[in-house]
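Convention: sequence-line order gives letters A, B, ...; per-chain numbering from 1.
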Amino acid sequence: MGILLNLIYLIATVTFIVGLKMLGHPETAKKGNLIAAAGMGLAIVGTIFVHEQQVSSIIYILIGAAILIGSIIGWLIAIKVEMTKMPELVSLFNGFGGASAALIGLVEYGKNVSNVTQSTTIVSGIIIGAITFSGSLIAWGKLNGTLKSVVRIPFYNIINNLVIIAIVIFAGFMVASGIDNQLLLYVLLSTGLIYGVLFVLPIGGADMPVVISLLNSLTGIAAAITGILYNNMVMLVGGILVGSAGIILTVAMCKAMNRTLGSVIFGAFGGAAATEGENKAMGSIKSTNPSDAAIMMNYANNVVIVPGYGLAVAQAQHVIHELEQMLTKKGVNVKYAIHPVAGRMPGHMNVLLAESNVEYNMLVEMEDINPQFSNTDIVLVVGANDVVNPAAHNNPASPIYGMPILDVENAKHIIVNKRGMNAGYAGIENELFYNSKTSMLFGDAKAALTDLVAELKNM
Amino acid sequence: MNEFLEFIENNLQITYILILAIFVGIEVIKSIPAVLHTPLMSGANALSGVVIVGAILVMLHADPADYVAMSLGFVAVVLGVLNVVGGFAVTDRMLQMFKRKK
């Protein structure tokens with residue numbers, strides 16, 4: 001029996017590695033996900049049935065019920081959610097994983113207090129699981145708009161560090177003294193939960209994907225710790241894989257945004273403190289209407305569309321596809337320029353456009369499209385702001401200085417669709433809007449684009 | 001420090017596996033196109049749900065009369081399954097959209 005279960009775990013572990021590897025290539029990604037899922041199913045079934053323990057049937061029934069409930073709810077949420085809500089959903093699921101790890105620790109602590117190694121792993125599992133759970137919930141709330149503002153208590157960096165140090169000392173005391181006190185255990189759990197909140201609350205919404213990726217990595221570490229506790233290889237290797245892959249992914253995301261991990265966590269983006277007062281000095285803006293914009297695009301040879309999160313919020317990804325098809329039919333050469341962090345997560349915009357059947361090869365990545373802007377007649381920016389802000393090139397004082405951007409200002413004309421003159425997610429003014437080549441098309445993205453399509457139809 | 005060395009001494013195999021797995025994770029993820037960051041993160045998130053195995057073990061080892069352990073284990077299994085099933089399903093849905101259209 002023992003050898004069979006170990007064999008099952010070995011197979012599952014291999015599927016995790018192969019699956020993760022396959023997820024890294026567009027052609028094999030879907031299969032890779034399914035392979036990893038199959039391995040996970042195998043590990044779960046094996047854990048339940050392949051052992052020599054005497055287990056009463058009520059426990060089997062309860063395990064079955066729990067799996068059924070979790071599967072149905074998880075499946076329904078995953079199937080029903082809108083594609084724009086994807087990032088926060090990943091965060092929510094991740095939080096559940098962390099909570100699961102913390103709960104396991106709560107049960108196991110009492111049985112293992114006498115063993116320092118075991119109780120150290122259990123206590124670490126509880127702390128990390130609790131931090132991931134509450135942190136993920138805050139990230140979820142921030143991304144879906146429930147928690148709007150960036151909350152910063154004064155000296156939050158110092159306070160956060162003091163809290164984590166206190167938690168570690170407290171945990172160390174519990175392990176060293178070996179007291180089996182349920183109350184202290186719940187105090188430890190609560191401090192972990194509080195730290196998760198304190199950790200994520202001051203971080204701006206634009207940095208949330210990085211935070212989710214980091215928390216995801218932490219859940220992996222919590223799973224690996226639980227694996228050490230049970231001497232269970234599939235949990236250990238699976239958890240560590242997610243942990244180290246998550247860290248690499250986090251760093252890759254930071255790189256795409258030209259941010260360091262430190263500046264994300266310790267918040268160099270002064271959300272509110274940005275640029276009050278400078279706004280007026282930037283010159284005048286020119287606004288346009290759908291019919292003028294339609295005429296300009298109708299007679300253009302090359303049009304590049306720059307979609308941003310505003311497009312997704314307005315649910316305009318289908319209309320933009322219609323616009324692009326209409327222009328193509330009229331002989332205009334249309335492309336989409338995709339900034340690495342367009343949307344709310346790297347690759348999010350590709351998912352959204354793919355959902356509305358935009359051809360995969362019409363999406364051009366930043367490095368490839370940037371040299372082409374000088375030959376572009378019209379750039380249509382829809383709901384994007386910071387990723388086209390020239391301040392990233394020419395204003396060393398700007399918080400986004402040095403971030404790779406789409407060089408749309410090299411095009412002959414720029415049409416920017418925006419709801420109003422609000423600053424972007426990073427809270428920074430955009431001088432592109434005051435450029436003499438820029439016309440602003442104010443209005444909700446969906447309404448404005450629908451008007452554009454209607455005007456083009458009549459031409 | 002002594003306890004740390006003792007841990008490594010007693011768990012030499014685990015320590016090796018741990019370190020090798022870290023490198024495997026790094027190698028597997030290296031040079032992934034930004035387009036796939038979102039699905040990859042989602043897939044990795046589903047994998048971290050492997051903690052469900054621990055939750056099941058808690059229930060298998062628990063005494064049915066121990067209501068606290070049973071209910072904590074039960075909730076842990078539900079949450080773990082949510083992470084696994086939801087995670088894989090949502091990743092699959094995302095990747096569905098990357099299929100090349102003819």
Side-chain angles (χ1 to χ4, degrees), chain A residues 16 20-21 23-24 26 29-30 33 37 40 43 47-48 55-56 58-59 62-63 66-67 69-71 74-75 77-78 90 93-94 96-97 99-101 103-104 106-107 117 213 216 219-220 223 226 230 235 237-238 240-242 244-246 248 256 340 345-348 350-351 354-355 360, chain B residues 3 7 14 17-18 21-22 24-26 28-30 32 34-45 47-60 64 69 72-95 97-98 100-101:
Chain A
F16 290 175
L20 210 51
K21 177 92 196 155
L23 269 169
K30 200 170 147 56
N33 183 53
M40 184 71 79
T47 310
I48 300 174
V55 176
S56 70
I58 180 75
I59 288 185
L62 282 175
I63 292 177
I67 289 180
I69 294 171
S71 304
W75 182 265
I77 299 177
V90 173
F93 284 145
N94 184 47
F96 291 156
S100 184
L103 292 178
I104 294 170
L106 288 183
V107 179
T117 313
S213 181
N216 187 16
T219 313
T226 317
Y230 289 112
M235 286 171 80
V237 177
I240 289 292
L241 268 182
V242 175
S244 68
I248 298 296
M345 275 205 236
H348 190 200
N350 305 66
V351 174
E355 189 197 12
Y360 189 71
Chain B
E3 267 136 24
F7 172 81
I14 286 202
I17 293 171
L18 200 95
I22 291 174
V24 171
I26 293 170
V28 162
I29 293 301
K30 238 172 48 183
I32 299 272
V35 182
L36 284 172
H37 281 176
T38 299
L40 186 71
M41 180 162 127
S42 179
N45 168 49
L47 277 185
S48 65
V50 71
V51 73
I52 169 83
V53 169
I56 293 172
L57 289 176
V58 163
M59 290 199 76
L60 288 176
L72 287 178
F74 185 82
V75 176
V77 173
V78 172
L79 292 175
V81 172
L82 263 173
N83 192 178
V84 169
V85 173
F88 281 121
V90 99
T91 312
D92 188 63
R93 237 187 102 195
M94 268 186 228
L95 292 169
M97 290 163 189
F98 281 108
R100 272 164 209 271
K101 320 255 163 22

Asks: Check B:Ala44 against A:Val242 and note the closest heavy-atom contact, atom names and distance.
Replies: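 For B:Ala44 and A:Val242, the tightest heavy-atom pair comes out as O-CG2, 3.4 Å.
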Asks: Testing the basics here: between A:Met235 and B:Val50, what is the closest heavy-atom pair and its distance to 0.1 Å?
Replies: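 Heavy-atom minimum between the residues: CG-O, 3.6 Å.
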Asks: Kindly say whether B:Met41 contributes a backbone atom to a donor-acceptor pair with the side chain of A:Asn216 at under 3.5 angstrom?
Replies: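 Yes, because the side chain of A:Asn216 sits within donor-acceptor range (under 3.5 Å) of the backbone of B:Met41.
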Asks: Closest heavy-atom contact between A:Ser244 and B:Gly25?
Replies: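 A:Ser244 and B:Gly25 have their closest heavy atoms at OG-CA, 3.1 Å.
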Asks: Considering only distance and modelled atom types, tabulate donor-acceptor pairs under 3.5 Å from the side chains of residues 74-84 of chain B, sequence neighbours left out.
Replies:
from	atom 1	to	atom 2	distance (Å)
B:Asn83	ND2	A:Phe93	O	3.4
B:Asn83	ND2	B:Asn45	O	3.2
B:Asn83	ND2	B:Asn45	OD1	3.3

Asks: What part of A:Thr226 is in contact with chain B, defined as an atom under 4.5 angstrom from a non-hydrogen atom: side chain, backbone, both or neither?
Replies: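 Side chain of A:Thr226 only, per the 4.5 Å heavy-atom cut-off to chain B.
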Asks: Rounded to the nearest 0.5 Å, what separation is found between the CG atom of A:Asn350 and the OG1 atom of B:Thr38?
Replies: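 A:Asn350 atom CG to B:Thr38 atom OG1 measures 8.0 Å (nearest 0.5 Å).
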Asks: Considering all heavy atoms of both residues, which atom of B:Ser48 and which atom of A:Thr219 are nearest to each other, and what is their separation?
Replies: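 That would be OG-CG2, 3.7 Å.
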Asks: Tell me which pairs pass salt bridge (Lys or Arg N to Asp or Glu O under 4.0 Å) where either residue lies in residues 80-90 of chain B, with sequence neighbours left out.
Replies: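 The answer is none; no pair qualifies.
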Asks: Given a strict heavy-atom distance threshold of 4.5 Å, which part of A:Ser71 is in contact with chain B: side chain, backbone, both, or neither?
Replies: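 Both parts, backbone and side chain.
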Asks: For A:Met40, is it the side chain, the backbone, both or neither that has a heavy atom under 4.5 Å from a heavy atom of chain B?
Replies: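 Side chain only.
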Asks: So which part of A:Tyr230 gets closer than 4.5 Å to some heavy atom of chain B, the side chain, the backbone, both or neither?
Replies: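 Answer is side chain: those atoms of A:Tyr230 sit under 4.5 Å from chain B.
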Asks: Quick check for you: to the nearest 0.5 Å, what is the distance between B:Met59 atom CE and A:Ile48 atom CD1?
Replies: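 Separation between the atoms: 10.0 Å.
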Asks: Name the option with the most non-hydrogen atom pairs under 4.5 Å to chain A; the candidates are B:Ala69, B:Gly49, B:Pro64.
Replies: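 Highest number of heavy-atom pairs under 4.5 Å: B:Pro64.
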Asks: Just give me the residue among A:Thr117, A:Leu106, A:Ile58 that pairs up with chain B most often, heavy atom to heavy atom, under 4.5 Å.
Replies: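 Top count of heavy-atom pairs under 4.5 Å with chain B: A:Thr117.
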Asks: Could you pull out the closest heavy-atom pair between B:Ala55 and A:Ile104, with the gap in Å?
Replies: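 Closest approach of B:Ala55 to A:Ile104: N-CD1, 3.3 Å.
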Asks: Heavy-atom distance under 4.5 Å to chain A: side chain of B:Ile17, backbone, both or neither?
Replies: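 For B:Ile17, the contact with chain A is made by the side chain alone.
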Asks: Please rank A:Leu241, A:Leu23, A:Asn33, A:Ile240 by heavy-atom pairs under 4.5 Å with chain B and give me the top one.
Replies: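 Ranked by contacts with chain B, first place is A:Asn33.
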Asks: Counting heavy-atom pairs under 4.5 Å to chain B, which of A:Leu20, A:Val55, A:Ile69 comes out on top?
Replies: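 The candidate making the most pairs under 4.5 Å is A:Leu20.
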Asks: Nearest heavy-atom pair of A:Val237 and B:Ala21: which atoms, and what distance?
Replies: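 Shortest heavy-atom separation between A:Val237 and B:Ala21 comes out as CG1-CB, 4.3 Å.
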Asks: Can you tell me how far the CG atom of B:Leu60 sits from the CD1 atom of A:Ile59, to the nearest 0.5 Å?
Replies: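 Answer rounded to 0.5 Å: 7.0 Å.
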